[in-house]
Each structure stands twice: as structure tokens, then as C-alpha cells.
Amino acid sequence: MSAVGQDVRWRAATSGVTVRAQSLSVAAAVAALVLVQPGLTVAAADPGTAVTFAITSGELTLSVPASADLGSGRPGTQISGKIGTVAVTDDRALASASWTVTASETDFTTGGATLPAGSAAYDPGSITTTGTITATGTPVTLSHTATPVVTGSNGVGDNTATWNPKVTVSLPAGAIGGVYNGTLTQSVA
């Protein structure tokens with residue numbers, strides 16, 4: 001019930017104090033009465049509940065194709081092809097994440113013939129990301145030594161990066177015919 005615009009009076013039974021409020025709501029007048037009551041204490045603040053939770057973190061992983069066939073070519077030419085999707089998944093949920101993918105190659109062999117690892121080049125091409133990460137690719141000539149090919153920086157939380165690298169092998173004019181095999185090793189850290 002509103003008492004706006006009326007002369008409202010209350011008399012407290014225990015204190016003998018009369019409160020007169022002109023144009024006050026009933027709730028405001030009652031609040032004023034409670035404040036002038038001797039012996040009354042003000043209620044403590046409302047109780048609170050501490051709420052906690054945990055965000056779980058995972059691992060930094062790399063997936064690569066199991067095999068790739070670059071096709072065929074004649075001595076003195078280049079054989080080139082995409083090897084399939086390479087993917088970095090960073091589930092570490094870090095506030096500041098970075099990672100580096102490296103690549104190395106064994107020599108290519110067939111029967112008794114060998115082409116050195118340095119005959120091959122690796123080009124990451126375009127890189128697609130999800131989440132917050134800056135991924136930068138670097139084309140390299142492959143070797144037996146692990147060499148950075150893609151770096152991720154400025155990562156926040158979980159993120160991914162995928163690309164389909166192109167491997168190009170330069171065949172010398174004196175190459176021996178046959179099916180050559182080698183192993184491209186990629187790793188992330």
C-alpha cells in the first residue's frame with residue numbers, strides 16, 4: 001500500500017517514538033523506524049558462497065599422413081606433390097603458447113642407388129588455424145637434421161594449425177631408375 005502524498009504516522013510500541021513522513025512510501029517509513037529503534041542491531045551482510053572450478057589441459061600433438069606417393073619423373077626433372085594434411089593440436093590451454101614443427105628426411109634409396117636427403121624440399125604452403133595462434137611456415141631444403149618448417153606463436157588457450165605441405169625432389173640427370181623410398185620425419189615441441 002502506497003502512502004505517497006499522505007501524512008503517515010507510526011508510533012513504535014516500545015520506544016514511544018513517532019515517525020511522521022510526508023510523501024514517503026510505507027517501506028521507506030518502516031526503514032526509518034527501524035533505524036531509530038534503540039536496542040535493534042543491523043543484520044550482517046548476506047552470506048556468500050565461494051565457487052570454484054578447474055579448466056583441464058591436454059597435450060601438444062602432431063598428426064601426419066602415414067605415407068605419400070609423389071608420382072614419377074625422368075632423370076634431370078623434378079617430382080613434386082602434396083603429401084597430405086599435417087595438423088598440430090595444442091590442447092594445453094596456456095595463457096601464452098608457442099610451438100615449432102620440424103622436418104628431417106632420410107636419403108632416398110632403391111636397390112643399390114641413393115639420392116641424398118638434400119634432393120628434396122619441403123614447402124608448408126598455406127596454413128589454416130583455429131583458436132588464437134599465429135602460424136608461420138618456412139620452405140626448407142630437407143636434410144638429416146630436424147629443421148623448423150612451421151612455428152606457432154602468440155597462442156592463447158586451445159588452438160590448431162593444419163597445412164598440406166608440398167615435397168619436391170630434384171632428380172639428377174644421372175639418376176638410376178627404380179622406386180625410391182625415404183622417410184620424412186616431422187615433430188612438434
Side-chain angles (χ1 to χ4, degrees), residues 50-189:
V51 177
T52 61
F53 62 90
I55 295 178
T56 59
S57 60
E59 298 177 334
L60 176 64
T61 59
L62 177 71
S63 63
V64 300
S67 63
D69 185 345
L70 300 181
S72 61
R74 300 207 34 87
T77 65
Q78 291 184 330
I79 298 173
S80 183
K82 298 211 174 206
I83 65 167
T85 301
V86 175
V88 173
T89 303
D90 188 352
D91 287 336
R92 298 174 295 172
L94 298 174
S96 178
S98 63
W99 44 259
T100 300
V101 174
T102 59
S104 63
E105 179 65 57
T106 64
D107 292 336
F108 299 93
T109 60
T110 184
T114 300
L115 290 177
S119 300
Y122 180 109
D123 185 352
S126 63
I127 302 168
T128 302
T129 61
T130 64
T132 302
I133 191 76
T134 301
T136 306
T138 305
V140 299
T141 297
L142 291 168
S143 70
H144 298 166
T145 303
T147 305
V149 291
V150 176
T151 56
S153 60
N154 301 316
V156 177
D158 289 352
N159 59 77
T160 66
T162 58
W163 62 95
N164 188 354
K166 180 171 73 172
V167 173
T168 301
V169 180
S170 296
L171 306 175
I176 306 297
V179 176
Y180 285 78
N181 294 293
T183 301
L184 172 64
T185 301
Q186 299 173 83
S187 61
V188 66

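Every heavy atom of this structure was used, including side-chain atoms; hydrogens, water molecules and symmetry mates were not. Here, residue 1 is the first one in the sequence, and each next residue gets the next number.
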If you compare all heavy atoms of [X] against all heavy atoms of [Y], which two are closest, and at what distance to 0.1 Å?
{"X": "Tyr180", "Y": "Ala113", "answer": "OH-CB, 3.5 Å"}
{"X": "Ala95", "Y": "Val156", "answer": "O-CG2, 3.7 Å"}
{"X": "Pro75", "Y": "Ala173", "answer": "CB-O, 3.3 Å"}
{"X": "Ile79", "Y": "Gly73", "answer": "CD1-N, 3.4 Å"}
{"X": "Pro124", "Y": "Gly137", "answer": "CG-CA, 3.9 Å"}
{"X": "Asn159", "Y": "Gly155", "answer": "ND2-CA, 4.3 Å"}

Please check: side-chain N/O of [X] versus main-chain N/O of [Y], any donor-acceptor pairing under 3.5 Å?
{"X": "Ser98", "Y": "Ser96", "value": "no"}
{"X": "Ser57", "Y": "Ala93", "value": "no"}
{"X": "Thr100", "Y": "Ala189", "value": "no"}

Practice task
Report the C-alpha separation of Val149 and Thr138 in whole Å, then their side-chain angles, then the decisive distance to 0.1 Å, and conclude whether the side-chain contact (heavy atoms from CB on, under 4.5 Å) test is met.
Solution key: CA-CA 5 Å; Val149 291; Thr138 305; 5.8 Å; no
Spacing of [X] atom [atom1] and [Y] atom [atom2] [to the nearest 0.5 Å]:
{"X": "Leu70", "Y": "Lys166", "atom1": "CG", "atom2": "NZ", "value": "11.0 Å"}
{"X": "Thr132", "Y": "Asn154", "atom1": "OG1", "atom2": "CG", "value": "10.0 Å"}
{"X": "Leu171", "Y": "Ile176", "atom1": "CG", "atom2": "CD1", "value": "12.0 Å"}
{"X": "Leu60", "Y": "Thr89", "atom1": "CG", "atom2": "OG1", "value": "8.5 Å"}
{"X": "Asn164", "Y": "Ile127", "atom1": "CG", "atom2": "CD1", "value": "11.5 Å"}
{"X": "Glu59", "Y": "Asp91", "atom1": "CD", "atom2": "CG", "value": "8.5 Å"}

Practice task
Could you check Val88 against Trp163 for side-chain contact (heavy atoms from CB on, under 4.5 Å), going step by step and ending with a plain yes or no?
Solution key: CA-CA 9 Å; Val88 173; Trp163 62 95; 3.8 Å; yes
Practice task
Given side-chain contact (heavy atoms from CB on, under 4.5 Å), test Val150 with Trp99 step by step and report yes or no.
Solution key: CA-CA 9 Å; Val150 176; Trp99 44 259; 3.8 Å; yes
Does either side chain, that of [X] or that of [Y], offer a donor lying less than 3.5 Å from an acceptor on the other one?
{"X": "Thr102", "Y": "Ser187", "answer": "yes"}
{"X": "Tyr122", "Y": "Gln186", "answer": "yes"}
{"X": "Thr130", "Y": "Thr160", "answer": "yes"}

Practice task
Measure the shortest side-chain to side-chain distance between Pro65 and Val86 over non-hydrogen atoms and say whether it is less than 4.5 angstrom.
Solution key: yes
Problem - Side-chain touch Ser104/His144, heavy atoms, less than 4.5 angstrom - result: no
